[in-house]
Number of protein chains: 2
Amino acid sequence: MIRQQLLMPSPEDLADFLNRHTRSRDCLVQVAGLAEVTYQGRAASTADVGTYLVVVKQDGSLQIHHPTGIKPMNWQPKTDSITARVDEDVCMLLASRRSPEELVQVVFLEPQMALALELAQAGGFVLRGSEAEMQQTLAEHPELIEPGLRVLNRELMVESGGIDLYARDAQGRYVVVELKRGRATQHAVSQLARYVRSVEGKLPAKAVVRGILAAPSITTPARLELENRGLEFREVSALPQATAAAGGPVAQPSLFD
Amino acid sequence: MIRQQLLMPSPEDLADFLNRHTRSRDCLVQVAGLAEVTYQGRAASTADVGTYLVVVKQDGSLQIHHPTGIKPMNWQPKTDSITARVDEDVCMLLASRRSPEELVQVVFLEPQMALALELAQAGGFVLRGSEAEMQQTLAEHPELIEPGLRVLNRELMVESGGIDLYARDAQGRYVVVELKRGRATQHAVSQLARYVRSVEGKLPAKAVVRGILAAPSITTPARLELENRGLEFREVSALPQATAAAGGPVAQPSLFD
DNA sequence: GGGTGTATTTCGGCG
DNA sequence: CGCCGAAGTACACCC
Ligand SMILES: [Mg+2]
Ligand SMILES: [Mg+2]
């Protein structure tokens, strides 16, 4: 599973190692050691000499980590070309990308270790509690939002964006539903207001369009803004245990029964 | 710089290794091999048996990478506790966090390699081309937005959020400026409209408040929406070479002279 | 801790 | 490719 490992490689050996294993596209390559990193593209950055961990995955994605933090200091999600070369007796790695035009350059001053790992098989991955899942559940059980609600569309595209759920209520009024898997903010209220406006613009002038923000909770300013605009809030939870934990024996039907 | 490395460690050795090096808080720890990962918190996920790379940094942050992609499959930015133990003859790693309550669990079925790296010194890091930098430059040179503009506040807090630049124009009218370092979208137009509304609410009823969206470019639907609402667009660039490359010898003054 | 906004956001989906 | 919106977003900043 360890394809190859080098300790304190020479610039030439490191460049060779990097070119070989990144081109094979079948292993994860990493280099740890003293380096200098520059980036130019949508923005630009420079990192002084320091000890970093450089990782190149099979798909050519590049990330450069400093000692702390979840996010890499520099990165490149997709690279059009990734090459190593020796220049002035140091090995440097150049990762470039068109559209957007970006370049990350790593100068390895004192590489301590280079490692190529075979990270072949990835198992299936399932995420639960996403907004998409909420949407599907609520499309199947719109009564969890309101009795008598009938869903007409999911992700209905209007000029201003995609309406999560487009529905009609028991009185036949059109309803725009904006979903949030987490606490709803003023941003969500803005979205909902925009969608309601778009729908009103497409319907006869007198038509009443309701707007419902459905989320597990809502911030205080968002609630105020929502009421100011004549829009509504409906509490729904993204995960089953959320309602169970909060309400003990659930009085209201859960999203995940 | 390599503190310790184990090849195909036993469950006991791996648990010991992980507990020792994650507690010392002075090195980056990684384990590669066959594993199973589950997560429960704001959402929930399961990853089937597969070959993953698990990284724990000095600050206790955890990331679990699959063979491709820039983003980790599972992660934990800050951990309140991170412990390894042996259960049913396998080593498992438990990373937990309160607020939000989250738990990541890694079951190492066939650990191939464990590595502890000293990634001590990090050099300085400088990023250029951020919106914050744009804001500072434009606060110092508001004439780049419009001749006669005087900036009153930066990040002025109103109910609906923070106004990037609050200013008065040559005719004494108040101006709300929303900045974007990249192409401006309908979201930016919504923000600007909200801020203008908030400011109008605080001023005498007759007061005219202008809204300017300043960005390198704007999407077509955003431009339409902007004009509908009586708001304005002004082209400004986040990085110096952007104007230089686009216009050759610059006729307009650059943000970075 | 609540609330808001930025990000080299990344990523997926749709026209 | 342009555009929009979600994300277990993370992260910084203010109140
Ligand atoms: Mg939505
Ligand atoms: Mg802003």
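Note that this is a predicted model, so its numbers are computed, not measured. Labels below follow one simple rule: chain letters A, B, ... track the order of the sequence lines, proteins then strands, and each chain is numbered from 1.
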For Gly60(A) and Ile82(A) the tightest heavy-atom approach is O-CD1, 4.2 Å
message = Within the 4.0 Å heavy-atom criterion, would you say Pro221(B) contacts the bases, only the backbone, or no part of the nucleic acid?
response = sugar-phosphate
Salt-bridge criterion met for Arg194(B) and Glu178(B) (N-O under 4.0 Å):
no
Applying side-chain hydrogen bond (donor to acceptor under 3.5 Å, both in side chains) to Ser61(A) and not counting sequence neighbours gives Asp59(A)
Could you give the distance separating dT8(C) and dT4(C) at their P atoms, to the nearest angstrom?
23 Å
Sorted by chain and number, sequence neighbours left out, side-chain hydrogen bond (donor to acceptor under 3.5 Å, both in side chains) with Asn74(A) holds for Ser45(A)
- request: Could you give the distance separating dA7(C) and dC11(C) at their C1' atoms, to the nearest angstrom?
  value: 14 Å
The contact string for nucleotides 5-15 of chain D, one letter per nucleotide 5' to 3', using protein heavy atoms under 4.0 Å with B, S and - for base, sugar-phosphate only and none, comes out as SSSBSSS----
Under a 4.0 Å heavy-atom criterion, DNA chain C is touched by chain A from dG3(C) to dC11(C)
Sorted by chain and residue number, the side-chain hydrogen bond (donor to acceptor under 3.5 Å, both in side chains) partners of Arg97(B) (sequence neighbours excluded) come out as none
Parallel, tilted or perpendicular: rings of His65(B) and His65(A) (30°, 60°): perpendicular
On a heavy-atom basis, the closest approach of Glu159(A) and Ser198(A) is OE1-OG, 3.7 Å
Sorted by chain and residue number, the side-chain hydrogen bond (donor to acceptor under 3.5 Å, both in side chains) partners of Gln76(B) (sequence neighbours excluded) come out as none
